[in-house]
There are 2 protein chains.
Amino acid sequence: MSTNITIKDVAQQAGVSEATVSRALNNSPQVKQATRLKIQTIADRLGYHPNGLARSIRVQRSHTLGMIIPDILNGFFTQLSRAIEDVASQAGYDVLIVNTDEHLKKEAKGINLMLEKQVDGLIITSAGAFTDYPKMLGHTPAVFVDRMPPANIVSQYDRVLVDNIQGTQDIIDCLIKRGAQRIGIINSAVSATATERLQGYHRALAAANLSPDPDIEVTARTDGSNVPQMTRQLLVNQKCDALFAADNTIMTGVLTKLPDLHLTHFQLGAFDDNEWFNFLPQPIVTAKQPIAELGRVAVERLLARVANDQLPTQEFRLPAEIIPRS
Amino acid sequence: MSTNITIKDVAQQAGVSEATVSRALNNSPQVKQATRLKIQTIADRLGYHPNGLARSIRVQRSHTLGMIIPDILNGFFTQLSRAIEDVASQAGYDVLIVNTDEHLKKEAKGINLMLEKQVDGLIITSAGAFTDYPKMLGHTPAVFVDRMPPANIVSQYDRVLVDNIQGTQDIIDCLIKRGAQRIGIINSAVSATATERLQGYHRALAAANLSPDPDIEVTARTDGSNVPQMTRQLLVNQKCDALFAADNTIMTGVLTKLPDLHLTHFQLGAFDDNEWFNFLPQPIVTAKQPIAELGRVAVERLLARVANDQLPTQEFRLPAEIIPRS
DNA sequence: GTGAAAGCGCTAACAA
DNA sequence: TTGTTAGCGCTTTCAC
């Protein structure tokens, strides 16, 4: 915040009014070509940069979007943020990012910060199943991606997410076709997601006439700390011949534990793909989320809602692509 | 930008002046406890959020930092951005990120955008060896991380980066100790970095009385497209018994090619560590950058300069840690 | 301890 | 085609 040269300086130098400078620099059609040129030259010479904050406050629009994610180090959110930034910047918006680490307080603080920064809209991957979003957000448009808000208010917001049931079903299906008979699942800590993925798991079992076993259906902690131990439990104690990890952080936990186990015959499946899986000795069947698409749809919908807050809310459900890897 | 309730509304409801509300909400000591309480209650009830833009424009400080990076999908920058966000947010700043894809135009556009958004300072990992930063940046403080600005202006800015020479030397050293006699290098496309890493490479060779061979010193394209072919060239045609990749994207390219080559005895080294390397069948010796430290130092220095623009510019050189992996 | 008034840099009526 | 004026929401003297 050190650009001390303002529209007034340009106006004085050019011998015109501030209004004319503003018009010229904003390409208003109603300014004489000669004037515009002179003004532009002078602005360049002075190294003038318009003060976007002043403009925003005046036009009541910041051209900034806020994005709330658990952790950008998680590959899914890295890719999502990139996609969102790309689409947003194409539309003349930039993006403010806050990492919550699944922490409700951090999320609340982040949202507040963004509201103060007057973001035009918010893209949220929720950490808080119990957060009162309508109260927090006020009239600021928001779309939820991947993680849904609490069930009682979910219909008040636009949502963009993957088809968890189908994606999971395809993976389990593939594992079964390749001979798996007893497939353990380490499910996500995110409840809405977990419910759907478990459902896909059960559907695939049913379709193959395999009966589910509660003993081999477990749920990871949010921080993933219990995943290695569960891996052992399922693959060794419970003698599973395949293991399904419900997201990429869970799979990372599984991979950490594997070498200790000295197993030879078992299969692996995971929701969320990862380019590094290609380099691993053990093939992993995955459901690859259309992350770029998720981001694109989310931003487009958000901007549409910014332009028209009367839009009915909607859920966008995108298909996951199975990557068999054999 | 939909918060239509302002300080004025709170003032009216509370029966005080706007000034008093402002003071109360900013914890000015000179406002009566009772007044402050009443104001805070009313502000809460109304769901009042201060307009940060208006404040910024008034106090001439945005409490926002800008960050220019090539691509957040590159693990190094993912981690760097996280570190920077953490330190910045701790200090009450948030950060705006722009990806340049090593594109000069995108970088210029991004910097302009940030100047318009009135960022208090900029953290830059430069794409442009030929960019005229002093002209672009004006008086906005900037610190360069990892990628340095052009040599003729480098001393005008603070810089934070790793000890490339030592890091590389340690890796090559380790490879030699383990028996390597002919170590190929695929160097970085970033010239300043490449120069230093090559120097470390040569030093290690010299220390072991191995003579360098220009035929096995090659440089990757910025987009890494020629890396797979170079991998084959060095490991097969040139019969290298070890390969050093000068950064993590290069190593990814190497790994892509390896399976085709069906080689059994060779070693791998790389600058930049990656958690996924732990899961690979082939051990990789790396120099792990202190990324969190780089980010922390960069933000701290930047904020120090924001507070005092008379600070002499300085270079911060941090050590890399060798991860031998055998 | 509180209020009145000015002004940060900009844009948008309304005039000329 | 251009200038004048008002005001976006806030903080900060300067009074009282």
Side-chain angles (χ1 to χ4, degrees), chain A residues 1-40 42-43 46-64 115-120 138-140, chain B residues 1-40 42-43 46-64 115-120 138-140:
Chain A
M1 201 113 188
S2 60
T3 298
N4 25 16
I5 101 123
T6 77
I7 210 171
K8 182 190 264 177
D9 302 312
V10 180
Q12 280 171 347
Q13 284 285 322
V16 297
S17 75
E18 299 178 32
T20 303
V21 174
S22 174
R23 283 189 277 254
L25 266 26
N26 288 307
N27 296 315
S28 157
Q30 34 161 33
V31 55
K32 201 166 40 169
Q33 191 60 18
T35 321
R36 182 196 312 284
L37 234 56
K38 184 171 65 177
I39 290 174
Q40 258 155 4
I42 292 180
L46 264 44
Y48 169 72
H49 285 277
N51 184 324
L53 304 186
R55 172 192 278 135
S56 288
I57 205 182
R58 184 60 240 252
V59 304
Q60 300 282 72
R61 193 129 283 183
S62 65
H63 277 261
T64 303
L115 293 183
E116 296 196 2
K117 284 268 154 69
Q118 307 299 116
V119 295
D120 292 335
H139 298 115
T140 304
Chain B
M1 201 118 186
S2 58
T3 299
N4 25 16
I5 103 125
T6 77
I7 208 171
K8 182 189 264 175
D9 301 313
V10 180
Q12 280 171 347
Q13 286 284 322
V16 296
S17 74
E18 300 178 32
T20 302
V21 175
S22 174
R23 282 190 277 252
L25 265 27
N26 289 307
N27 295 316
S28 159
Q30 34 160 31
V31 54
K32 202 169 35 171
Q33 193 58 20
T35 322
R36 182 196 313 285
L37 235 55
K38 184 171 64 175
I39 289 174
Q40 259 155 2
I42 293 181
L46 265 42
Y48 169 72
H49 284 276
N51 183 324
L53 304 186
R55 173 193 278 133
S56 288
I57 204 182
R58 181 61 237 253
V59 304
Q60 300 283 72
R61 195 129 282 181
S62 65
H63 277 261
T64 304
L115 294 183
E116 296 195 2
K117 284 268 153 71
Q118 307 299 114
V119 295
D120 292 336
H139 297 116
T140 304

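Every chain is numbered from 1, with letters handed out A, B, ... down the list of sequences.
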> Nearest of dG9(D), dC10(D), dC10(C) to any side-chain atom of P50(A)?
Replying inline: dC10(C)
>> Quick check for you: to the nearest 0.5 Å, what is the distance between T140(A) atom OG1 and H49(B) atom NE2?
In response: 7.5 Å
> Separation of K38(B) atom NZ from dT2(C) atom C1', in whole Å?
Replying inline: 12 Å
> Are any side-chain N or O atoms of R23(A) and backbone N or O atoms of R36(A), one a donor and one an acceptor, separated by less than 3.5 Å?
Replying inline: no
> dC10(D) C1' sits how many Å from L115(A) CG, rounded?
Replying inline: 17 Å
>> Rounded to whole Å, how long is the line connecting atom CD of E18(B) with atom P of dC14(D)?
In response: 20 Å
> Under 3.5 Å, side chain of S22(A) to main-chain N/O of E18(A), donor-acceptor pair present?
Replying inline: no
> If you check the T35(A) side chain, which of dC10(C), dT2(D), dT2(C) turns out closest?
Replying inline: dT2(D)
>> Measuring from atom NZ of K117(A) to atom NZ of K117(B), what distance do you get when rounded to the nearest 0.5 angstrom?
In response: 11.0 Å
>> Using the side-chain heavy atoms of K32(A), tell me which of these nucleotides is nearest: dT1(D), dG9(D), dC10(D).
In response: dT1(D)
>> Nearest whole Å is fine: how far is dA12(C) P from Q60(A) CD?
In response: 11 Å
> Nearest to the side chain of T20(A) - dA6(D), dG9(D), dT2(D)?
Replying inline: dT2(D)
> What is the distance from CG of N51(B) to C1' of dG9(C), rounded to the nearest Å?
Replying inline: 14 Å
>> By nearest atom, which of the nucleotides dT13(D), dT1(D), dG3(D) is closest to the Q30(A) side chain?
In response: dT1(D)
>> Looking only at the side chain of A19(B) (C-beta and beyond, no hydrogens), which of the listed nucleotides dT11(C), dA5(C), dG9(D) gets closest?
In response: dA5(C)
> In whole angstroms, how far is the C1' atom of dG9(C) from the NZ atom of K117(B)?
Replying inline: 16 Å
> For the atom pair OG1 (T20(A)) and NZ (K32(A)), what is the distance rounded to the nearest 0.5 Å?
Replying inline: 11.0 Å
> So does S22(A) get a side-chain nitrogen or oxygen closer than 4.0 Å to the phosphate oxygens (OP1/OP2) of dT11(C)?
Replying inline: yes
> In whole angstrom, what separates R23(A)'s CZ from dT11(C)'s P?
Replying inline: 11 Å
> Could you give the angle between the helix axes at the two ends of the helix from dG1(C)-dC16(D) to dA16(C)-dT1(D), with five pairs per end, rounded to 10 degrees?
Replying inline: 40°
>> Rounding to an integer number of Å, can you tell me how far Y48(B) OH sits from dC10(D) P?
In response: 3 Å
>> Could you measure the distance from the CG atom of N26(B) to the CZ atom of R55(B)? Nearest 0.5 Å is fine.
In response: 5.0 Å
> What is the distance from atom CG of L37(A) to atom CD1 of I42(A), rounded to the nearest 0.5 Å?
Replying inline: 11.0 Å
>> Please pick, from dC10(C), dC8(C), dT4(D), the nucleotide with the shortest atom-to-atom distance to any side-chain atom of S17(A).
In response: dT4(D)
